[in-house]
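Everything numeric here is computed off the predicted structure, so don't read it as measured data.
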Amino acid sequence: MNDSSTSEKYEQLEHSGDIRIKVFGNSIEELFANAGFALSDLITDADKINTELSETIEVSGIDREELIVNWLAELNYLFITEEKVFNKFEIERITENELTATVLGEKVNPHRHPLKNEIKAVTFHDLQIKQVHKRWETKIVFDI
């Protein structure tokens with residue numbers, strides 16, 4: 001699990017009408033964990049989420065780009081349908097097209113988790129996962 005500061009995990013970029021972020025990681029696992037954290041932090045203040053519950057998440061895709069979209073879509077689905085938010089992401093297994101992770105978080109508490117953004121969808125717009133100077137990075141656009 002990664003406890004580095006938010007600025008080392010992701011940054012928000014300019015994008016009209018939607019939210020665009022750039023996510024960083026020293027490994028592919030860390031990139032996916034930081035993308036999960038970024039999604040939670042866009043929804044509410046991720047630093048105020050307690051780690052009271054644990055979920056195992058398994059997703060697949062035809063490639064890493066579809067995998068990260070499906071990963072974030074599943075986390076967003078759990079927020080929308082079960083009112084769960086997470087801030088710790090342990091990527092236990094990742095291949096080119098499969099991911100298994102344990103995520104820690106809690107049920108939404110409206111007093112501690114005010115809604116910052118309602119994410120409607122994770123998009124493939126301009127999505128590319130790449131390694132730059134031994135670090136992984138990707139840009140992700142969310143429909144709001």
Side-chain angles (χ1 to χ4, degrees), residues 1-130 135-144:
M1 285 181 230
N2 188 354
D3 291 324
S4 61
S5 73
T6 299
S7 64
E8 294 172 347
K9 295 178 182 182
Y10 81 99
E11 66 183 56
Q12 196 162 339
L13 305 171
E14 291 293 319
H15 197 272
S16 62
D18 295 319
I19 295 176
R20 184 175 190 223
I21 62 170
K22 186 175 190 178
V23 183
F24 311 98
N26 291 320
S27 65
I28 193 70
E29 293 86 357
E30 187 177 64
L31 180 77
F32 274 70
N34 289 347
F37 181 89
L39 173 69
S40 293
D41 203 45
L42 292 172
I43 292 170
T44 191
D45 184 350
D47 291 327
K48 294 184 178 175
I49 298 170
N50 293 327
T51 53
E52 298 172 358
L53 61 88
S54 173
E55 297 261 343
T56 298
I57 296 178
E58 295 180 358
V59 294
S60 61
I62 59 169
D63 56 20
R64 284 185 176 149
E65 284 75 17
E66 186 176 71
L67 191 62
I68 203 165
V69 167
N70 292 346
W71 159 244
L72 296 172
E74 180 66 17
L75 293 172
N76 195 44
Y77 175 80
L78 290 171
F79 168 71
I80 293 167
T81 62
E82 299 181 23
E83 297 185 340
K84 293 177 182 175
V85 287
F86 306 98
N87 71 350
K88 301 282 184 213
F89 306 87
E90 181 67 38
I91 308 301
E92 296 174 6
R93 181 177 164 277
I94 189 168
T95 67
E96 286 289 322
N97 54 10
E98 292 183 339
L99 174 143
T100 302
T102 299
V103 297
L104 302 172
E106 66 178 320
K107 291 282 268 185
V108 172
N109 176 331
H111 301 292
R112 283 187 304 109
H113 308 126
L115 184 65
K116 292 178 7 183
N117 296 287
E118 182 178 337
I119 306 296
K120 294 180 182 171
V122 186
T123 75
F124 286 93
H125 179 74
D126 233 5
L127 180 63
Q128 182 182 12
I129 296 173
K130 58 186 176 182
R135 265 185 95 181
W136 290 89
E137 65 180 50
T138 189
K139 294 176 185 164
I140 303 166
V141 176
F142 299 96
D143 283 342
I144 56 171

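Tyr77 OH: 12 or fewer foreign heavy atoms inside a 6.0 Å radius. Within 6.0 Å of the CD atom in Glu118, the count of heavy atoms belonging to other residues, nucleotides or ligands does not exceed 12.
For Glu98, the salt bridge (charged side-chain N to carboxylate O under 4.0 Å, His left out) partners two or more places apart in sequence, or in a different chain, are Arg93.
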Verdict with supporting geometry, Leu127 and Ile68, side chain to side chain contact (heavy atoms under 4.5 Å, CB included): CA-CA 10 Å; Leu127 180 63; Ile68 203 165; 4.1 Å; yes
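Residues Lys139 and Gln128 are not in side-chain contact: their nearest non-hydrogen atoms beyond the backbone lie 4.5 Å or more apart. Leu42 places a side-chain heavy atom less than 4.5 Å from the side chain of Gln12. The side-chain heavy atoms of Arg64 and Glu96, taken from C-beta on, include a pair separated by under 4.5 Å. Annotation: side chain of Ile28 is in contact with side chain of Trp136 (closest heavy-atom distance under 4.5 Å). A heavy-atom distance below 4.5 Å is not found between the side chains of Phe142 and Ile43. Between Phe37 and Asp47 the shortest side-chain heavy-atom distance falls below 4.5 Å. Proximity of Ile94 to Leu67: side-chain heavy atoms (C-beta onward) are separated by under 4.5 Å at one or more points.
The aromatic rings of Phe89 and Trp71 sit perpendicular to each other, their planes meeting at more than 60°, with 30° as the lower class boundary.
When all heavy atoms of Phe24 and Arg135 are compared, the pair lying nearest together is CB-NH2, 2.9 Å. Heavy-atom minimum distance, Ile19 versus Ile119: CD1-CD1, 4.3 Å. Taking every heavy atom of both residues into account, Ile140 and Val23 meet most closely at CD1-CG2, 4.1 Å.
A donor-acceptor pair is defined here as one N or O able to donate and one able to accept, closer than 3.5 Å; such a pair exists between the side chain of Glu65 and the backbone of Ile129. Panel note: side chain Thr44, backbone Pro114; a donor-acceptor pair is recorded below 3.5 Å.
For the salt bridge (Lys or Arg N to Asp or Glu O under 4.0 Å) condition, the pairs that include at least one residue of residues 102-117, sequence neighbours left out, are Asp41-Lys116, Glu106-Arg112.
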